Amino acid sequence: MKKLFTTLSNIWKIQELKERILFTLLILLVYRFVSHVVLPGVDPTALGTNEKSGLLGILDMFAGGSFSRVSILALGVMPYISASIVVQLLGIAVPSFQKMQKEGESGRKKMNQITRYLTVAITIVQSVGYVKTQVPAEAILLPNTLFLVLSTFVLTAGTLFVMWLGEKITDKGIGNGTSLIIMVGIIARLPIAISQEFSARVGSASEGGGPVALVLEIVALFAVVMFTILIVQGVRKVPVQYAKKIVGNRQFGGVRQYIPLKVNAAGVMPIIFAQALMFIPGALMQFVPSLQGSWLIQFSNTTSLAYSLTFAFLIIAFTFFYTAITVNPTQMSDDMKKNGGFIPGVKPGFATSTFIDDVISKITFPGAVFLAIIAILPSLAVKFGIKQEFAHFFGGTSLLILVGVVLDTLQQIESYLLMRHYDGLMKTGRVTGRTGVPAASSNAAL
């Protein structure tokens, strides 16, 4: 405990770090305040509970409840994330985008500008769909056409405002701004989930189990979080030897480093893609009523065995697919060869590319299986009697995002501490970033 207070005191002594943390907290506070502002022309009292489920429930969770509150920030950063994914995929398939990726800083600025324009286009389309399908007719106080135009403009401006807040956090704050905004939205649901679970176990609306069951659930949640950290941080270190060069009286190279190949290189994307496909049966039954009594109904129940097995299979398949399109062994081999590096015992060029591809294939399968287990844990939690709201934190995209963002932020704080000659956040070892590389070497603290 003394170590914790000493570390917190050291953080507060670093003026730049203190200012960045306070700035980040201020921006997040502004975001949470604005997220409670309802769209103009909407009667908040007529909204009722307006609870969302399924894919809409996931979007509402990422938006911190703004989606169900019909807030001016209802769409949040999801259009920006969608645009970023599209641009990333175009960078793999379209030669002109591949060229921009290789242009360095200027290319990155061009792609960021394209992402922003695409975000506006996606937000306009989603705003129209949101107003037409998610805003109750009895809550609208303006003529329909005027309300549609006004709401589309306001929702688009709200998404751009959130995107701007995220960029400000990234530039002047601590951590990745967009990820922190999503994390805050998810954490905002945690107090409600805990209170519901507490009431179900030991409160006035108790359903049995008592405080012992609640304690066991919290212990299980802690174990799941630790397991998730292992998956997120897991890397396979491939040693790389660089050739030694002597220029004058100085020696360059000649050191051994490593390439950290992540066990879960795909992140949360396979879960997002798989969830999108798993909502297709429900959509079909909604548009074709004759299918409601068919075998498709078991894929609408997230706790059914068929749903869980299909969901897990899709996650494993998408993990291999997304890893294949984002990790390029040939490019890694070429970059290594240009810099005079080689893997000991492996010939440069094609042999190196094949070796890296083989290693990635071997570590991706267990990573995909573990990712599938994490994704179906909320369904298993519901089976054991845990409330749906609290069960969301036992796995899935929400837990992976929380763990990843917290680790990234701690890694940045660790770097500031080590650069200012202070001990790190941990008594032993170092907080490693999501690339598996230590936040700073021991020489950085000297």
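The chain is numbered in sequence order, starting from 1. Remember, predicted model here, so these are calculated numbers, not experimental data.
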Practice problem: Spell out, as yes or no, whether a donor-acceptor pair under 3.5 Å connects the side chain of Ser35 to the backbone of Arg32. | Solution: yes
Closest non-hydrogen atoms of Ala391 and Val382, given as atom of the first, atom of the second and distance, are CB-CG2, 3.7 Å
Under the side chain to side chain contact (heavy atoms under 4.5 Å, CB included) criterion, do Leu261 and Met332 qualify, and how do the steps go?
CA-CA 11 Å; Leu261 299 177; Met332 296 170 66; 3.7 Å; yes
Item checked: Carboxylate-amine/guanidinium proximity below 4.0 Å for Asp358 and Lys362 -> yes
Between Arg20 and Gly173, the two heavy atoms sitting closest are NH1-O, 2.7 Å
Exercise. Report yes if some heavy atom in the side chain of Ile360 is under 4.5 Å from a heavy atom in the side chain of Thr323; otherwise report no.
Key: yes
- Task: Would you sort out whether Gln134 and Tyr130 count as a side chain to side chain contact (heavy atoms under 4.5 Å, CB included), showing the intermediate values?
- Result: CA-CA 5 Å; Gln134 302 303 317; Tyr130 177 80; 3.6 Å; yes
Do the side chain of Thr152 and the main chain of Ile124 share a donor and acceptor less than 3.5 angstrom apart? no
- prompt: For Phe370, does the CZ atom have more than 12 heavy-atom neighbours from other residues, nucleotides or ligands under 6.0 Å away?
  reply: no
Can any side-chain N or O of Thr352 pair as donor or acceptor with the backbone N or O of Lys347 at less than 3.5 Å?
yes
Kindly say whether Lys387 contributes a backbone atom to a donor-acceptor pair with the side chain of Glu197 at under 3.5 angstrom? yes
Review point. Hey, does Pro95 have a side-chain heavy atom less than 4.5 Å from the side chain of Lys99?
Key: no
Minimum side-chain heavy-atom gap Val131-Leu155 below 4.5 Å: yes
Taken to the nearest 0.5 Å, the spacing of Glu414 CD from Leu407 CG works out to 11.5 Å
CG of Asn328 to CD1 of Ile356, rounded to nearest 0.5 Å, is 9.5 Å
Any side-chain heavy-atom pair of Leu160 and Trp164 under 4.5 Å:
no
In terms of heavy-atom contacts, Ala368 and Ile315 come closest through O-CG2, 4.4 Å
Is there side-chain contact between Val403 and Gln233, with at least one heavy-atom pair below 4.5 Å?
no
Q. Considering only heavy atoms from C-beta outward, does the side chain of Ile186 approach that of Met183 to under 4.5 Å?
A. no
Taking every heavy atom of Thr228 against every heavy atom of Leu399, the minimum-distance pair comes out as OG1-CD2, 3.3 Å
Any side-chain donor near an acceptor of the partner, Gln412 and Asp408, under 3.5 Å
no
In Ile122, Val162, Thr123, the residue satisfying side-chain contact (heavy atoms from CB on, under 4.5 Å) with Leu75 is Thr123
CG (Leu371) and CZ (Phe318) are apart, to the nearest 0.5 Å, by 12.5 Å
Open item on the list: Between Met100 and Phe97, is there a side-chain heavy-atom distance shorter than 4.5 Å?
Closed with: yes
Mind running side chain to side chain contact (heavy atoms under 4.5 Å, CB included) on Val405 and Ile182 for me, showing each step along the way?
CA-CA 9 Å; Val405 174; Ile182 296 176; over 6 Å; no
Q) Where do Tyr31 and Leu73 land on the side chain to side chain contact (heavy atoms under 4.5 Å, CB included) test, with the steps shown first? A) CA-CA 9 Å; Tyr31 166 72; Leu73 305 182; 3.9 Å; yes
| message | Check whether Ser333 reaches the backbone of Pro329 with its side chain - one donor and one acceptor, N or O, closer than 3.5 Å. | response | no
(Q) So does Ile192 get a backbone contact from the side chain of Ser195, meaning a donor-acceptor N/O pair under 3.5 Å? (A) yes
Problem set entry | Whether Phe320 and Phe365 hold their rings parallel, tilted or perpendicular, with breakpoints at 30° and 60° | tilted
Donor-acceptor contact present, side-chain Ser398 to main-chain His392, <3.5 Å: yes
Taken to the nearest 0.5 Å, the spacing of Ile21 CD1 from Thr409 OG1 works out to 9.5 Å
Rounded to the nearest 0.5 angstrom, the CZ-CD1 distance for Phe390 and Ile194 is 5.5 Å
Got Arg189 and Phe393 here, is their nearest side-chain heavy-atom distance under 4.5 Å?
-> yes
What one should report as the nearest heavy-atom pair of Gly76 and Pro79 is O-CD, 3.8 Å
Main-chain N/O of Gly349 paired with Ser353 side-chain donor or acceptor, under 3.5 Å
no
What one should report as the nearest heavy-atom pair of Gly177 and Thr170 is N-OG1, 2.9 Å
- Message: Counting only heavy atoms not in Lys18 (residues, nucleotides, ligands), do more than 12 fall under 6.0 Å from its NZ?
- Response: yes
So CG of Leu25 and CG of Leu180: to nearest 0.5 Å the spacing works out to 9.5 Å
Given 3.5 Å as the limit, does a donor-acceptor pair link the side chain of Tyr416 with the main chain of Glu16, or not? no
